[in-house]
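A quick write-up on the structure given underneath.
Just follow the structure's listing: the first ligand is 1, and inside any ligand the first atom is 1. Note that these values count all heavy atoms, side chains included, but never hydrogens, waters or copies made by symmetry.
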Amino acid sequence: MTAGTPSDPLRVAIFGSGPAGFYAAEELLKQTGIHVAVDLFDRLPTPFGLVRGGVAPDHQNIKVVIKVYERCAARPRFRFLGNVSFGEQITLAETLSHYHQALFCTGAPSDRRMGIPGEDLPGSHPATTFVGWYNAHPDFIHERFDLSAERVAVVGNGNVAMDVARILAAPTEELAKTDIADYALQALEQSRVKEIFLLGRRGPAQAAFTNPEIRELCELPGVDLVVQPAELELDPASQAFLASSKDPVHRRNVEILRAQVPKGLGSQSRKIRARFCVSPVRIDGPDKVRSLRLEKNRLVDDGRGGLKAAGTGVFEDIAVDLVFRSIGYKGIGLKDVPFDERSGVIPNADGRMLDEPGGAVAPRLYVAGWIKRGPSGVIGTNKPDAIATAAKMLEDAPSVATGPDFDPAPAAVDGLLKRKGAVPVSYADWKRLDQVEIARGKEKNKPREKIATVAEMLAVIRGAG
Ligand code: NAP
């Protein structure tokens, strides 16, 4: 008999409780023609992925999306199993012996490399670590950033670069009202950062940031966003691109930047210097980051209807003590799960996992979110993405074939996890932690005081914190 009835639901394991995981869970659980039960796993005791650990603390409004996830978590056939690591406490083979289908929504937790000399000098950091650090992500709380530096470079022109530059430059009185990690706030209060170089390898018309994010930098109290007028001059191809583009975001980005020209250097003590058409080619030490060599770029046809940066052989050195490389996130491979190292995603055909790029479908295995398509788009982009994968899962549900040892009973999974030494955190456990964080935040007039170590999270959940 095919699973999917009230007494024998289709049992689905989802790994990764970020936006893609929750959107997929909701789509599966809301079906009326088939009964699906979802176990949503996360290696951390806390749910919500980048909404908790990535979204900047001064962007609390973005976090209201959690309300949608809470409604999903309240559904009867939903279970959260936090603090369980895939590959160790539950392997792929074990997953397939207890679930009809498994969906991977593990995101893109690593960073892309620039591949230039000096990239690993002390003082050169991937933006991902800084973001995790100020957001009290347990993986990054021990990171240290030398904020006695006066001059800092942020490489990249995406919204993560905007977040990093803003958190470095923002008045700490404002950050104190957010859920930024306490230790990060203290470090930022002592910060001596005066100049932040925001480095785009292409021009202002190609920048990946969006209008509210660049506008926010222009409007930060105590900060001047300084541009070089010559770098805002557009070449004919960029002008043609803006003229033909249906999406006004790039045109508006250019307008916002041009509006900064009359302000010149400004009079504020902190400066964000937005530079365009420059690529870092070397970070110089020798002992730590001391300066950055930039090569001036021009824009050339990329052969795909767009423009790419090409070096001109003209170089410039800027003295900086700290570099944040914000050139994009990258997926990480999971034990026994196919992985495309080149693109940093799990190979898939519209969400159905493949055994290798361009290979055969791996039955009963699926992907959604950044580990499916790469690190692009905003939180909401993951909704249609997850729904599309869920549609494939539902389409395949009638033909799921399991072996003789298959045991879909939730108690069987619980027994397995216990045997493997896992101590799963339920959604009710998380809510207890959530309430404690909110109560601790209230005392300091902030939305929450995040608990930053897994040990303390578990102690609080068990009533010992
Ligand atoms: P992103 O938007 O892809 O931006 C990456 C940036 O790095 C681009 O400017 C890219 O330039 C540049 N870059 C790539 N390789 C480079 C190299 N070798 N040297 C110099 N520059 C290089 O990535 P992201 O900023 O990490 O953001 C990831 C996703 O999360 C995005 O979709 C973003 O919009 C989203 N996000 C949204 C928010 C928000 O809504 N507020 C906040 C954070 C993140 P090219 O364009 O030339 O490739």
Side-chain angles (χ1 to χ4, degrees), residues 18-20 49-65 107-119 124-132 134-135 153-167 197-217 238 241 247 249-250 253 274-283 292-302 304 306-311 323-331 343-345 369-371 373-382 385:
L50 277 187
V51 177
R52 179 178 165 99
V55 170
D58 57 341
H59 280 178
Q60 290 296 315
N61 54 336
I62 294 181
K63 299 188 186 223
V64 296
V65 70
S110 181
D111 59 288
R112 292 183 52 217
R113 306 261 313 158
M114 290 198 298
I116 60 170
E119 189 163 6
S124 166
H125 306 273
T128 45
T129 61
F130 188 60
V131 170
Y134 65 60
N135 275 327
V154 179
V155 184
N157 258 181
N159 280 333
V160 172
M162 299 293 110
D163 286 348
V164 168
R166 198 178 63 256
I167 296 296
F197 295 86
L198 202 51
L199 305 173
R201 66 176 168 181
R202 296 191 289 160
Q206 290 80 30
F209 50 68
T210 40
N211 304 152
E213 281 68 24
I214 187 65
R215 201 174 286 124
E216 251 182 309
L217 284 191
S238 295
F241 162 67
D247 184 350
V249 66
H250 298 290
N253 276 344
R275 300 288 312 273
F276 295 97
C277 283
V278 285
S279 280
V281 290
R282 199 175 78 204
I283 302 177
L292 190 59
R293 171 156 288 195
L294 302 177
E295 182 172 13
K296 180 95 190 117
N297 292 328
R298 64 196 171 87
L299 298 174
V300 298
D301 190 342
D302 67 1
R304 289 175 283 129
L307 294 168
K308 68 175 181 183
V323 173
F324 290 105
R325 309 178 318 255
S326 183
I327 63 165
Y329 285 76
K330 192 167 188 284
S343 55
V345 301
W370 279 6
I371 197 67
R373 67 173 199 278
S376 66
V378 294
I379 289 165
T381 313
N382 293 297
D385 179 302

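- Contact annotation: the side chain of V278 never approaches that of N297 to less than 4.5 Å [non-hydrogen atoms, C-beta and beyond].
- For ligand 1, residues of the protein lying within 4.0 angstrom by heavy-atom distance are R112, V155, G156, N157, G158, N159, V160, D163, R201, R202, A208, E213, S326, I327, G328, Y329, W370, P375, S376, G377, V378.
- With hydrogens and angles ignored, the 3.5 Å screen pairs a side-chain donor or acceptor of S124 with a backbone N or O of E119.
- Scored by the side-chain hydrogen bond (donor to acceptor under 3.5 Å, both in side chains) test, R215 finds no partners at all (sequence neighbours excluded).
- The two residues D385 and G369 make their nearest non-hydrogen contact at OD1-N, 3.0 Å.
- Residue pairs meeting the salt bridge (Lys or Arg N to Asp or Glu O under 4.0 Å) criterion with at least one partner in residues 50-62, sequence neighbours excluded, are R52-E437, D58-R166.
- Pairs of residues two or more places apart, or lying in two chains, never qualify as salt bridge (Lys or Arg N to Asp or Glu O under 4.0 Å) while including a residue from residues 197-209.
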